[in-house]
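Positions are given from 1 along the sequence.
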Amino acid sequence: MRNVYVLGTGMIKFGRYPDKTVPQLGGQAALLALKDAGILIKDVEMFACGNLQQSNAMVGQRILQQIGQTGIPVINVANACATGSTAFREAYMSVAAGMYDIAMAVGVEQMGKAGLLGGAGGGDPAYLTEGRLGSGTMPAVFGQAGIEHMRKYGTKLEHFAKISVKSHKHATKNPFSQYRNEVTLEDVMNARMIAFPNTLYMCCPTGDGAAAAILVSEDKLKQLAGGRKRAKIAASILTSDPWTERDLTLQDVSTLTRRASKQAYEKAGIGPKDIALTELHDCFATAELVHYENLGLCGDGEAGKFIDEKGGVHPSLGGKSPVNVSGGLLSKGHPLGATGVANICEVVWHLTQDDRAKDRLVPNAKAGQAHVIGLGSACTIHILTV
């Protein structure tokens, strides 16, 4: 497999764009990435597009109708919340395998105010346990994960609330974030309860968004980078759930992340202590907390202590091992198909000291990771280095 680099990135501000179409949003991000890479659409040899809610509607081809139809192969990807990052991985694999030298990945979604109440079982009768064995709605599933952590390790409601306070503080420095307001610990804990222990401010907002990346081989990098610092994809991992004996009322949101994390660190040849920043899938504050442990940022049962010691907080705020300096899904928003690529863009910007992250740069960042999990389940982890 060949080395693959991110030559260019593009992202629109997450929000709500009722007057735009999905292809228009995706096309806007694609054009930004092409401009950043210094190439034209005619230079792209393969295109992978991630979109969930219009997965049967040829979104990738419709994006090309907006920005230029060149007859290249298009792959449309749907993989739950990991949709965008899986599209990125398809582009990565095509270049790493030597089939193409320049590939483009776009993640896009238009959700408006649609919520995250869907269960993971879909219409399969084998999984229709809703109301009989707990709940498969997303707030409930991740609420249960938080309660289990509280039961096993004595984690307190304040720990989850501190994650929300941290992420909202981070978002004030990110112009791409849907929400940029600070909240206090009291605001979070006294907000409307959604699914214990997650209050309103511990739940991600949905909305519209798009992000894109241009991936190239090492030879093309030398030709096109012009001396600009560009991030290398040191690991690209995709996992699904292994079979386990488990309680159907308590879905396993951790095993596939732990397996992906182990593979990613081994592939990249580094460990958690080498990671300068992490963008992880914080659909709910409870999810972020359990993923601290799943990704090896702290030991099992130590997430509460990690938070109390300002783990996950930007170094400029006195923290360590910064997590979701973008504001995370809790503030940035979670347009499903766009999230995975957007997380990668954020990591790339810090590694390359891009002006788009100038107000929140993690100093001396040499390695970062982007993580996404979609229940059903799929988990991607990308480690990038410079």
Original post:
Does a donor on one side chain sit under 3.5 Å from an acceptor on the other, for Asn174 and Ser326?
Top reply: no
Original post:
So, for Ser55 and Ala78, which heavy atoms are closest and what is the spacing to 0.1 Å?
Top reply: CB-CB, 3.7 Å
**OP:** Measure the shortest side-chain to side-chain distance between Val77 and Glu90 over non-hydrogen atoms and say whether it is less than 4.5 angstrom.
**Re:** yes
Subject >> Asn76 side chain near Gln61 side chain, heavy-atom distance below 4.5 Å >> reply: yes
**OP:** Go through the side-chain N and O atoms of Glu109 and His334 and say whether any donor and acceptor fall under 3.5 Å apart.
**Re:** no
**OP:** Flag the pair His371 / His291 as yes when their ring centroid distance falls below 6.0 Å, and as no otherwise.
**Re:** yes
Original post:
In Å, rounded to the nearest 0.5 Å, how long is the span from CG of Leu215 to CE of Met46?
Top reply: 9.5 Å
Original post:
Does a side-chain N-to-carboxylate-O contact under 4.0 Å join Glu218 and Arg2?
Top reply: no
Original post:
Is the count of non-hydrogen atoms from other residues, nucleotides or ligands lying under 6.0 Å from Met193 atom CE greater than 12?
Top reply: yes
Original post:
Closest approach of Gly26 and Val108, non-hydrogen atoms and distance?
Top reply: N-CG2, 3.6 Å
Original post:
Of the options Leu277, Ile275, Leu280, which is the one that meets Val323 in a side chain to side chain contact (heavy atoms under 4.5 Å, CB included)?
Top reply: Leu280
Original post:
What pairs with Asp308 under side chain to side chain donor-acceptor pair (under 3.5 Å), at least two apart in sequence or on another chain?
Top reply: His159, Lys162
Subject >> Close side-chain approach of Phe196 and Met150, heavy atoms under 4.5 Å >> reply: yes
**OP:** Measure up the Phe284 and Phe142 rings against each other and bin them: parallel (under 30°), tilted (30 to 60°), perpendicular (over 60°).
**Re:** parallel
Original post:
Among the clusters formed by ILVMFWY side chains lying less than 4.5 Å apart, do Val44 and Val59 turn up in the same one?
Top reply: yes
**OP:** Assess the side chains of Glu302 and Tyr292: does a donor N or O sit below 3.5 Å from an acceptor N or O?
**Re:** no
**OP:** Report the C-alpha distance between Asp36 and Arg356 in whole Å, list the side-chain angles of each, state the deciding distance to 0.1 Å, and finish with yes or no for salt bridge (charged side-chain N to carboxylate O under 4.0 Å, His left out).
**Re:** CA-CA 11 Å; Asp36 187 46; Arg356 286 169 286 188; 3.1 Å; yes
Original post:
Around Lys229, counting heavy atoms of other residues, nucleotides and ligands shown, do more than 12 lie under 6.0 Å from its NZ?
Top reply: yes
Original post:
Is there a donor-acceptor pair closer than 3.5 Å between any side-chain N or O of Glu45 and the backbone N or O of Ile102?
Top reply: yes
**OP:** Kindly indicate whether the side chain of Val4, heavy atoms from C-beta on, has any atom under 4.5 Å from the side chain of Ser217.
**Re:** no
Original post:
Quick one: do the Ser167 and Asn324 side chains pair a donor with an acceptor below 3.5 Å?
Top reply: no
Original post:
Distance-only, no hydrogens or angles: does the Lys320 side chain make a donor-acceptor pair with backbone N or O of Gly312 under 3.5 Å?
Top reply: no
Original post:
Tyr265 and Val372: same hydrophobic cluster, using ILVMFWY side-chain contacts below 4.5 Å?
Top reply: no
Original post:
Just by distance, with hydrogens left out, do Gln110 and Arg16 show a side-chain donor and acceptor under 3.5 Å apart?
Top reply: no
Original post:
Asn79 and Thr86: side-chain donor and acceptor closer than 3.5 Å?
Top reply: yes
Please output the side-chain donor-acceptor pairs of residues 378-386 that fall under 3.5 Å, not counting sequence neighbours, one pair per line with the distance.
unit_1: Thr380; atom_1: OG1; unit_2: Ser85; atom_2: OG; d: 2.6
unit_1: His382; atom_1: NE2; unit_2: Ser236; atom_2: OG; d: 2.8

Subject >> Glu182: salt bridge (Lys or Arg N to Asp or Glu O under 4.0 Å) partners, not counting sequence neighbours >> reply: Lys169
Subject >> Exceeds 12 heavy-atom contacts within 6.0 angstrom, atom NZ of Lys173 >> reply: no
**OP:** Test Glu279 against every option in Val325, Leu329, Thr339 by the side chain to side chain contact (heavy atoms under 4.5 Å, CB included) rule and name the one that passes.
**Re:** Val325
Original post:
Around Arg258, counting heavy atoms of other residues, nucleotides and ligands shown, do more than 12 lie under 6.0 Å from its CZ?
Top reply: yes
Original post:
Any salt bridge between Asp300 and Lys152, counting N to O under 4.0 Å?
Top reply: no
